[in-house]
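Letters A, B, ... are given to chains in the order of the sequence lines, protein chains preceding strands, and every chain is numbered from 1. Only a predicted model underlies this, so the values are computations on that prediction, with no experimental measurement involved.
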Number of protein chains: 2
Amino acid sequence: METPSSSLILDRETKASERPGDHKDELRLWLRMLTCSTLIETEIRNRLREEFKTTLPRFDLMAQLDKTAVGMTVGEVSQRLMVSNGNVTAVVAGLVTDGLVDKRSAPQDRRVQILTLTAQGRKFFRAMAERHEEWIAELFVGLDQADIAQLFRLLGQTKSSLHRAIAGRTDQAAKGDA
Amino acid sequence: METPSSSLILDRETKASERPGDHKDELRLWLRMLTCSTLIETEIRNRLREEFKTTLPRFDLMAQLDKTAVGMTVGEVSQRLMVSNGNVTAVVAGLVTDGLVDKRSAPQDRRVQILTLTAQGRKFFRAMAERHEEWIAELFVGLDQADIAQLFRLLGQTKSSLHRAIAGRTDQAAKGDA
DNA sequence: CAAAAATATTTCAGGCTTAAAATAATTTCT
DNA sequence: AGAAATTATTTTAAGCCTGAAATATTTTTG
């Protein structure tokens with residue numbers, strides 16, 4: 001039950017906590033995050049094209065393969081990159097054609113394809129990775145160490161929140177299907 | 001010239017400020033931001049498909065048109081969404097087919113195409129926008145008001161830094177071309 | 001052991017996206 | 001006015017990406 005005066009106050013100073021159902025702050029936050037991501041991604045795409053004549057999906061895929069000595073399966077890569085299997089298949093096809101990636105079925109389980117960087121691929125990737133790291137640093141140059149640490153921490157919280165919310169909904173959907 | 005002892009210290013406690021040329025923190029920050037963006041975007045895509053049988057590019061385009069009463073040109077939309085003109089042309093084509101968007105050349109300048117939401121389009125978009133806002137709030141539920149404000153502020157700084165860095169490089173490239 | 005279930009990948013159809021070239025219309029310059 | 005430059009959009013070719021269906025292989029089960 002509200003008194004008349006409290007709803008007058010509500011009209012004049014609208015704090016988020018006093019407006020159930022309003023989530024404009026979260027929305028603005030998301031839009032700003034998306035703007036930042038898009039700006040960075042577009043810039044990196046442009047530089048990869050200009051300086052290395054390649055694409056971001058190819059760079060990302062090679063980055064995964066560079067992390068391992070023994071190679072990685074299609075499924076592993078698709079999970080880590082958060083893209084579909086079919087997409088990995090397609091991008092790998094291009095990289096194999098260019099001699100940057102090697103693909104062979106595992107001897108003990110012929111369903112599985114093992115992907116590795118070729119010597120040429122590894123060398124090429126390492127050169128790109130070095131430049132890539134410099135580009136990123138250049139883009140974040142307006143933030144000092146403390147800002148970076150804080151932002152990293154807050155995005156860590158965000159990531160946890162996202163995983164919980166998404167897992168929660170996925171579970172519900174699965175229950176509904178059963 | 002370094003004394004032997006100072007390089008020993010450098011080996012043992014590697015602070016970023018003591019390692020010129022190392023930018024691992026910025027890289028980790030970018031990867032975490034990308035993870036968050038990708039998780040949110042994928043989840044929103046899934047929900048738009050399931051609940052409204054539509055796509056994120058269509059939603060984003062309609063969101064721009066919903067902001068104006070008089071309509072928007074193809075160029076304006078492409079600039080705001082940070083996508084190519086050709087892309088807007090293609091997505092609009094689908095929306096026009098579905099009766100959600102109206103497209104007509106401006107009477108005073110026949111190069112220009114004016115895009116507006118149809119009545120049906122506006123109604124459909126508003127329904128989606130309401131759900132969309134709820135979804136975003138749900139995803140960020142693990143952050144309190146202070147976290148959101150702080151993250152928003154830091155992303156604002158990031159955005160400025162990006163604009164400066166990108167403008168700087170674009171200028172240089174233009175100078176090189178001249 | 002053979003059928004059924006599970007797993008890993010590929011194929012397919014359809015939509016998104018871009019850069020560059022082409023088209024169309026307007027504005028500027030002489 | 002007429003040529004040249006500019007502006008707005010579309011087209012095109014190529015690559016990325018997805019979900020769903022298909023294929024191939026291995027594991028589980030009866």
Whole-Å distance between [N] [atom2] and [X] [atom1]?
| X | N | atom1 | atom2 | answer |
| --- | --- | --- | --- | --- |
| B/Gln79 | D/dT9 | CD | C1' | 14 Å |
| A/Arg104 | C/dA8 | CZ | C1' | 19 Å |
| B/Leu81 | C/dC16 | CG | P | 13 Å |
| B/Met82 | C/dC16 | CE | C1' | 16 Å |
| A/Glu50 | C/dT18 | CD | P | 16 Å |
| A/Gln113 | C/dT7 | CD | C1' | 14 Å |
| B/Lys103 | D/dA8 | NZ | P | 16 Å |
| A/Asp109 | D/dT27 | CG | P | 6 Å |

When you measure from the side-chain N and O atoms of [X] to the phosphate of [N], is any distance below 4.0 Å, counting only OP1 and OP2?
| X | N | answer |
| --- | --- | --- |
| A/Asn85 | D/dC17 | no |
| A/Arg58 | D/dC16 | yes |
| A/Arg49 | C/dA19 | yes |
| A/Asn87 | D/dT18 | yes |
| B/Thr55 | C/dC16 | yes |
| A/Lys53 | D/dG15 | no |

From C-beta outward on B/Ser84, which listed nucleotide comes closest to its side chain: D/dT9, C/dA19, C/dT18?
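Of all the options, the side chain of B/Ser84 is nearest to C/dT18.
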Can you identify which nucleotide, out of D/dT25, C/dA25, D/dT9, has its nearest atom closest to the B/Arg110 side chain?
C/dA25
Looking for any heavy atom pair under 4.0 Å, which part of the strands does A/Asp60 touch: base, sugar-phosphate only, or nothing?
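No contact at all - A/Asp60 keeps every heavy atom at 4.0 Å or more from the nucleic acid.
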Tell whether A/Arg111 reaches the base of C/dT9 with its side chain through a donor-acceptor pair below 3.5 angstrom.
no
In terms of heavy-atom contacts, does CD of B/Glu50 have more than 12 from other residues, nucleotides or ligands at under 6.0 Å?
yes
From CA spacing to verdict: side-chain hydrogen bond (donor to acceptor under 3.5 Å, both in side chains), B/Thr118, B/Asp102:
CA-CA 6 Å; B/Thr118 63; B/Asp102 182 77; over 6 Å; no
How about A/Glu26 and B/Leu139: do any of their side-chain heavy atoms sit closer than 4.5 Å?
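When only atoms from C-beta onward are counted, B/Leu139 and A/Glu26 do not touch, as no gap falls below 4.5 Å.
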Heavy-atom nearest nucleotide on DNA chain D for B/Asn46 versus A/Val91: which residue maps closer to 5'?
A/Val91
Drop me the distance from A/Glu133's CD to B/Lys24's NZ, to the nearest 0.5 angstrom.
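Between A/Glu133 CD and B/Lys24 NZ, I get 3.5 Å after rounding to 0.5 Å.
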Relative to each other, are the rings of B/Phe125 and B/Phe59 parallel, tilted or perpendicular (30° and 60° limits)?
tilted
Which sits closer to the 5' end of DNA chain C, B/Gly86 or A/Val88, going by the nucleotide each is nearest to?
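Residue closer to the 5' terminus by nearest nucleotide: A/Val88.
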